[in-house]
Amino acid sequence: MNIAQIESNLQNLIKSFSKETFIYDLLLVYGLPKASITRLQKGNLNLSKSEGEISWKKKLRFQEEYSADLHLTISELAQSIKHEERFVIVTDYVLFLAIDTKTGEKLDIEIQDLPKHFDFFLPWAGMEKAQHRNENPADVKAAERMAKLFDEIKKDNPVKSEEDSHALNVFLTRLLFCFFAEDTHIFQDGQFTNAISSHTAVDGNDLRPYLESLFEVLNTASKDRKDLPAYLNAFPYVNGGLFKDSFQAPEFNRKSRQLIIDAGEMNWKDINPDIFGSMFQGVIDPEKRGSLGAHYTSVPNIMKVIEPLFLDEFKDEFEKAKHNPKKLNELLYRLSKIKIFDPACGSGNFLIIAYKELRKLEIAIIHHLQDLQKAAAGFNSKSEQLSFIPKAQLSLAASFQVELFSRIQLSQFFGIEIDDFAHEIAQLSLWLAEHQMNVEFHREFGKTSPTLPLKEAGKIVCGNACRLDWEEVCPKKEGDEIYILGNPPYLGARNQSLLQKKDLEDVFSSASGTNSLDYISAWFIKAAIYNDKNNSHAAFVSTNSIIQGEQAGILWPQILAVNNQIFFAHTSFLWNNSAKNQAAVYVVIIGIGKASVKKKKIFLGDNVKMVENISPYLTEGSNTIVGKRSKPRNGLPSLVFGNQGIDGGHLILSNEERKSLLNKNPELEKFIRPLFGAEDYMKNENRWCIWINERDKDEALAFPEIQKRVKSVENYRKGGGQVARSLVNLSYRFRYIHEAKRSTLILPRTTTERRDYLVVGFLDKKNIVTDAAQVIYDPEPFVFGLLSSKIHMIWVKATAGRLKMDIRYSNSICYNNFPFPPISDQRKQEITQCVFRILEERERHSEKTLAQLYDPDKMPEGLREAHRQNDLAIERCYRSRPFESDEERLEYLFKLYEKMIAEEKVKDSLFEKEKKGRKVKK
DNA sequence: GATCCGACAGGCG
DNA sequence: CGCCTGTCGGATC
């Protein structure tokens, strides 16, 4: 059910309704389940006992009212809500009153006007109002209308080549412009749609040539027009390149012609150029249609980029210059020298918002200058407010002539976009935004530059941002102030296409490790290099993967190496826009620019922290990054990966499966082992796996049950990726087959960061651990104490990669790099005692799962105390004076880490020298 | 809808 | 051969 459908269904309902079924039909319009509505109608679901009243839990409270005042009735009903009814409705089928109990909004209309207010009840259809406040229903409706039109046009005009597709994109863009123009006084009201409906045949046959000649007219200055019929000549000259090249318009039929007229009759004035482009983009690309606009950036998020990048600074300057007309004029000049560049501009949201914000600021400045002048002339009513300004400045103000035009040109806006249609739309949206701002300027000052003919456009290039030379797209000229921004595509290393891999290779000139980077890294590097050359600044929205785990260590040294610093950052927050299937991803916003001594800003939710330096982990502190390391330090035992199955689940048994297998063949006991992933361990769940050693292979395969399962694994692997296929002949076993000799230490790999401690434990040697956990085989007990210490958790939280926001424990980053000094046997003994105590405390609550025991809100005091003792023992290994805070612990760890790295470097270079020396002697 | 953990692919070291 | 990550995926309160 989409919005356009709801609206038209509602129109149908209102055209002819019966009082008996009206309310049920209304619910149906919003797509509520038919079965439930039938039950409601029969009375089964109706919670109300009173006659004529309906109450449906969480949905609706309804009453017909013919005698009393409807307003009185509805406010009584709304005040006595019992079943969380979302909407209260009272009607006499002439008047129609409704209250949204969640938002408090009210509707007070005549019932036939209901279709105009269809959006009031959208929460029934799962669309909250807060959502479509960002996402204007008019945009959604327009997008859905255009989708219909597009589908219909494509039926008659198959797209065979890129040229075809481009021509169609251009055509749609022009169409959009005309719709918009006729509703916003660029054309006469309804001029475009009326012309089509009165001058073309109903069957759509002559619409193509008609539109072609119309577009030509729009591209012809009036002096060059000859012998045109009046209705064509009435169209103004548009120019600006929008109608410049002639492309063939598509063919139409009766239906598609009608769809154009329908779309034209919508009110396009309410369309939001900020985001409607993203919606159309989704419409045009059928693959994206399911997730309409899922990846577009919401306006609040765009502001999070724009404000710290440049807008806040400009606003500050304005504030500071308020008494100084000379400085204000300089600021206006500065606005004319600013360049905004979005190297992944999509349909242009960032550019448009930036453009509008700058225009708004300019209006405010001009306004203020005017006020100053009026005050100087002594006839301004606001002069009292301006009385603090020295006379000399006022008379200076009087001497400046504030010219009433905008200094900000679309040609200051640059973009790169790989998608042809999006790039056309970006171009168009900028014009529309310009027109909107011109209207606003006119409202403020009674004067503005005319929108038509369109002047220079934004410089939007269609191409691959990784391959293009950014300095060619957005060249820096003397005095330019350049800001790069945007929300480039994120794509994990495993999901990139070959071409995208090549893009990264090209950008990083095959520096090591770049194959593990997210696609967005290319934008960061290119921006950093551009910044270094042009003294510009850049800020992007990005997946948080690039500031965590291994990627942090690969990417950031290269950015720092070209003299860039992070000058502001928003730490991870959940990606949020109102699209239906929005991406579940945590994002950060990072601003980089040439190194400076200015204070940097870290935004944590609504709080801002001013700091000296922002680390690549987006924390306050030095730029030290913990890279990967293949061996643990200081003689700690190796921590390894658990056993990956790649078995499609066929080697894994539930309790029941195991039982039934053993009932048939008790001999199979020897091939069945308990299996632990993180969840099994944390939540005390039992799973089992079929575990066959190579030497027992034939014996095991003699059992048909086993054979069947192995066959299933084989089939599964045949259909899998490279690794899976390489294991087809080993289908009786897991990818890895590690076992302990005596005991296993298990450490869940993916785990919530809410807990104060990592939960580790010992397992008997017969147990098998999956790759959902990490393992140390046959460890000394003190390692348990180390891993489950608070200080280790602090280190892990700082350095680990993440799954969304949850910790992803890694051995090469978290474990092998953990700074822990060599310790004496006596210390080991102490720690071991603490470990036993922790285990005892767990044992006391054996009825509870570990997940329950380690819930930070419910952790039993005994267990907590045991951990506290363990923490003390561990921390004594570092120094005798106790740590005072977690910040101190982390700082200490990083210092120690830096020291260790430095020492290793010295050792390495000595080793190298020695090697060389020996060679020379030879 | 918040919370928390799973499994596989695959390139790199 | 081991390992890290995912504009991830999904189950469960």
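Lettering follows sequence order; numbering is per chain, from 1.
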Cation-pi check, Lys526(A) onto Trp523(A) ring (under 6.0 Å, within 45° of axis): no

Side-chain donor-acceptor pairs under 3.5 Å in residues 715-722 of chain A, sequence neighbours left out?
unit_1	atom_1	unit_2	atom_2	d
Arg717(A)	NE	Ile646(A)	O	2.7
Arg717(A)	NH1	Leu727(A)	O	3.1
Arg717(A)	NH1	Leu730(A)	O	3.2
Arg717(A)	NH1	Arg733(A)	O	3.4
Arg717(A)	NH2	Gly645(A)	O	2.9
Arg717(A)	NH2	Ile646(A)	O	3.4
Arg717(A)	NH2	Arg733(A)	O	2.8
Lys718(A)	NZ	Glu714(A)	OE2	3.4

Sugar-phosphate only, base, or nothing, as touched by Pro748(A) at under 4.0 Å among non-hydrogen atoms: nothing

Aromatic ring proximity Phe87(A)/Phe121(A), centre distance under 6.0 Å: yes

Along DNA chain C (nearest heavy atom to each residue), the more 5'-positioned of Gln551(A) and Lys683(A): Gln551(A)

Sugar-phosphate, base or nothing in reach of Ala724(A), heavy atoms under 4.0 Å: sugar-phosphate

Sugar-phosphate, base or nothing in reach of Arg755(A), heavy atoms under 4.0 Å: sugar-phosphate

Nucleotide nearest Arg754(A) when distance is taken to its side chain, options dT3(B), dA9(B), dA7(B): dT3(B)

Rounded distance in Å - CG (Asp647(A)) to C1' (dA9(B)): 14 Å

Separation of atom CD1 in Ile547(A) from atom C1' in dC4(C), rounded to whole Å: 16 Å

Option among Pro637(A), Ser743(A), Pro632(A) that satisfies the side-chain contact (heavy atoms from CB on, under 4.5 Å) test with Ile776(A): Pro637(A)

Out of dT5(C), dA9(B), dT3(B), whichever nucleotide has its closest atom nearest the side chain of Ile813(A): dT5(C)

Side chain Tyr736(A) and base dC3(C) donor-acceptor under 3.5 Å: yes

Sugar-phosphate only, base, or nothing, as touched by Ile652(A) at under 4.0 Å among non-hydrogen atoms: nothing

Strand DNA chain C as a dot-bracket string - pairs counted if Watson-Crick or G-U with both distances under 3.5 Å, | where the partner lies in another strand: ||||||.||||||

dA7(B) OP1/OP2 closer than 4.0 Å to side-chain N/O of Arg717(A): no

Presence of Asn811(A) side-chain N/O under 4.0 Å of dC4(C) phosphate oxygens OP1/OP2: yes

Geometric class of the Tyr897(A)/Trp795(A) ring pair [parallel <30°, tilted 30-60°, perpendicular >60°]: tilted

Phosphate OP1/OP2 of dT7(C) contacted by Thr543(A) side-chain N/O (<4.0 Å): no

Closest-nucleotide 5' rank along DNA chain C - winner of Val640(A) and Arg802(A): Val640(A)

Which residue lies more 5' along DNA chain B, comparing Gly649(A) with Asp806(A) via nearest heavy atoms: Asp806(A)

side-chain N/O Ser630(A) vs dG2(C) OP1/OP2, d < 4.0 Å: no

Span that lies between the P atom of dT7(C) and that of dT3(B), in whole angstrom: 23 Å

Aromatic ring pairing Tyr777(A)/His738(A), orientation class (parallel under 30°, perpendicular over 60°, tilted between): tilted

Sugar-phosphate, base or nothing in reach of Ala678(A), heavy atoms under 4.0 Å: sugar-phosphate

Sugar-phosphate, base or nothing in reach of Asn816(A), heavy atoms under 4.0 Å: nothing

Under-4.0 Å side-chain N/O to phosphate OP1/OP2 contact, Thr750(A) with dC5(B): no

Side chain Lys804(A) and base dG9(C) donor-acceptor under 3.5 Å: yes

N/O (side chain, His738(A)) to phosphate O (OP1/OP2, dC1(C)) under 4.0 Å: no

Minimum-distance nucleotide to Asp518(A) side chain [options: dA7(B), dT7(C), dC4(B)]: dT7(C)

Rounded interatomic separation in angstrom, taking NZ from Lys631(A) and P from dC1(C): 15 Å

Thr751(A), nearest nucleotide to its side chain (from dT7(C), dC5(B), dG11(B)): dC5(B)

Geometric class of the Tyr757(A)/Tyr854(A) ring pair [parallel <30°, tilted 30-60°, perpendicular >60°]: perpendicular

Phe524(A) and Phe540(A) aromatic centres sub-6.0 Å: yes

Candidates dT7(C), dC5(B), dC4(C) - which lies nearest the side chain of Met682(A): dC5(B)

Exercise: do Ser654(A) and Arg658(A) side chains pair donor with acceptor under 3.5 Å: no

Sugar-phosphate only, base, or nothing, as touched by Arg629(A) at under 4.0 Å among non-hydrogen atoms: nothing

Touch class at under 4.0 angstrom, heavy-atom based, for Asp771(A) against every strand present: base

From dC4(C), dC3(C), dT7(C), nucleotide with atom closest to Glu550(A) side chain: dC4(C)

Candidate nucleotides dC5(B), dG11(B), dT5(C), ranked by approach to the side chain of Arg808(A) - the nearest: dT5(C)

Nearest to side-chain heavy atoms of Tyr716(A), which nucleotide of dC4(C), dA9(B), dT7(C): dA9(B)

